[in-house]
Amino acid sequence: MIVVLKQSAQKKDIERLTNQIEKQGLNTSIVYGTDQTIIGIIGDTTILDPKTIEVDEAVDHVMRVSEPYKLANRAFHPEDTIIDVAGVKIGGGHLGFIAGPCSVESEEQIIEVAKSVKASGANILRGGAFKPRTSPYSFQGMGSTALDLLLKAKEVTHLPICTELMDASYIPLFNKKVDLVQIGTRNMQNYALLKKVGKEVKKPVLLKRGQSATYEEWIMAAEYIMANGNKNVILCERGIRTYETYTRNTLDLQAIPVLKKLTHLPIIIDPSHAGGKWWLVPPMAKASIAAGCDGLMIEVHNDPEKALSDGPQSLRPEKYSSLMEDIKKLSTIFGKSYE
Ligand code: PEP
Ligand code: MN
């Protein structure tokens with residue numbers, strides 16, 4: 001971090017600032033220019049807030065020369081992280097194919113969908129148990145009953161299960177029953193939840209991007225989980241809010257190369273929540289694989305017209321199956337593998 005001082009800054013100002021910075025365990029190096037003096041801060045500057053230093057009357061402005069995140073930063077961890085979800089590897093050339101209904105609705109539904117997505121090549125089963133719905137009058141999910149139904153589907157198909165955690169009080173239950181814990185878009189900046197997830201969740205975490213989160217805000221959310229103890233984070237782009245209203249959200253494919261450059265964490269794409277329309281899912285899923293993502297999360301329902309949530313964006317099992325045929329071919333072309 002570089003602190004540029006005002007021309008009016010005196011020796012006593014430089015001493016005050018360097019003392020203040022050094023008290024926090026960092027080193028300083030002062031460069032006296034002809035017009036201006038700058039203080040270089042050396043060490044782990046992630047603990048500093050440039051805006052707070054700018055409050056000092058002797059400071060003109062402060063610039064970061066490195067990112068505010070450390071654990072998620074590729075600069076400190078050049079190789080791709082590979083996350084193991086109950087035996088399924090994601091990242092570093094291994095693709096995760098998460099599929100299943102938006103919500104678990106009944107035993108028959110989840111088992112039927114689980115069997116069909118498994119036959120098509122999915123390696124993780126999804127199904128919402130606790131649903132973050134915009135309206136309090138909409139179906140809120142079957143709750144913990146759904147976790148048991150997911151476990152039944154796991155018994156039949158041997159697919160690990162992924163479902164969303166909204167309330168930290170359920171962490172012990174999720175640690176027992178769930179293989180990949182999803183943090184939804186609405187909770188990406190719920191820092192109290194992120195801290196508890198970091199400390200208490202013993203399973204890998206799928207962190208969805210907030211609807212209007214910048215890359216840095218999203219990575220900082222991952223950093224919260226990692227800094228609190230859980231390093232197994234997978235990022236998931238699921239569309240961001242733009243001025244376009246034709247689609248539910250806008251899929252940000254650029255997130256793939258950008259996040260690959262900035263972090264070592266795997267990134268998967270959820271084209272279902274991005275477009276909000278089932279027919280947008282296959283083209284966007286294929287584009288995502290071509291752009292280098294580490295996997296896909298796709299909503300599949302055996303009877304989308306009657307789905308209790310997200311029917312319009314859910315693929316029928318046959319459509320998912322034919323998409324997966326294309327995805328497998330693309331995976332071979334791009335040298336990726338999947339279990
Ligand atoms: C979901 O996966 O069903 C979901 C609610 O996702 P998001 O948090 O991306 O809206
Ligand atoms: Mn959904």
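Just follow the structure's listing: the first ligand is 1, and inside any ligand the first atom is 1. The residues of the chain are indexed from 1 along the displayed sequence.
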Counting non-hydrogen protein atoms only, what is the nearest one to [atom]? Give residue, atom name and distance.
atom	value
atom 2 (O) of ligand 1	Arg126 NH1, 2.7 Å
atom 9 (O) of ligand 1	Arg238 NE, 2.6 Å
atom 4 (C) of ligand 1	His273 NE2, 3.4 Å
atom 8 (O) of ligand 1	Thr185 N, 2.8 Å
atom 6 (O) of ligand 1	Lys208 NZ, 2.9 Å

| message | My understanding is that only one of Arg74, His94, His264 makes a side-chain hydrogen bond (donor to acceptor under 3.5 Å, both in side chains) with Asp80; could you say which? | response |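 Answer to the side-chain hydrogen bond (donor to acceptor under 3.5 Å, both in side chains) test with Asp80 among Arg74, His94, His264: Arg74.
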Residue of the set Lys208, Arg126, Arg238, Gln182 for which side-chain hydrogen bond (donor to acceptor under 3.5 Å, both in side chains) holds with Asp270: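 That would be Lys208; it is the only one of Lys208, Arg126, Arg238, Gln182 passing the side-chain hydrogen bond (donor to acceptor under 3.5 Å, both in side chains) with Asp270.
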Decide whether [X] and [Y] meet the rule of one side-chain donor and one side-chain acceptor closer than 3.5 Å.
X	Y	answer
Tyr191	Gln189	yes
Tyr224	Asn190	no
His273	Asp310	yes
Gln140	Arg133	no

* Is the shortest N/O to N/O distance between Asp310 and ligand 1 below 3.5 Å? ->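 No; every N/O pair is 3.5 Å or more apart.
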- Message: Quick one: does any side-chain atom of Asn232 pair with a main-chain N or O of Val205 as donor and acceptor, under 3.5 Å?
- Response: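 Flag not set: sc Asn232 to bb Val205 has no pair under 3.5 Å.
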Donor-acceptor contact present, side-chain Asn175 to main-chain Lys202, <3.5 Å: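 Between the backbone of Lys202 and the side chain of Asn175 there is a qualifying donor-acceptor contact (under 3.5 Å).
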Tell me, please: is Gln211 in heavy-atom contact with ligand 1, that is, under 4.0 Å?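 So Gln211 does not count as touching ligand 1.
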Next item on the list: Could you tell me if any non-hydrogen atom of Cys102 lies under 4.0 Å from any atom of ligand 1?
Entry: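 A heavy atom of Cys102 does come that close to ligand 1.
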Run the numbers for me: atoms of ligand 1, each under 4.0 Å from some heavy atom of [X], listed by number.
X	result
Gly184	8 (O)
Glu299	3 (O)
Lys131	1 (C), 3 (O), 5 (C)
Glu164	5 (C)

- Could you grab the angle centred on the Mn ion (ligand 2), going from OD2 in Asp310 to OE2 in Glu299, to 10°?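 If I round to 10°, I get 120°.
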Atom NZ of Lys115 with >12 non-hydrogen neighbours under 6.0 angstrom |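 No, NZ of Lys115 has 12 or fewer neighbouring heavy atoms, counting only those of other groups under 6.0 Å.
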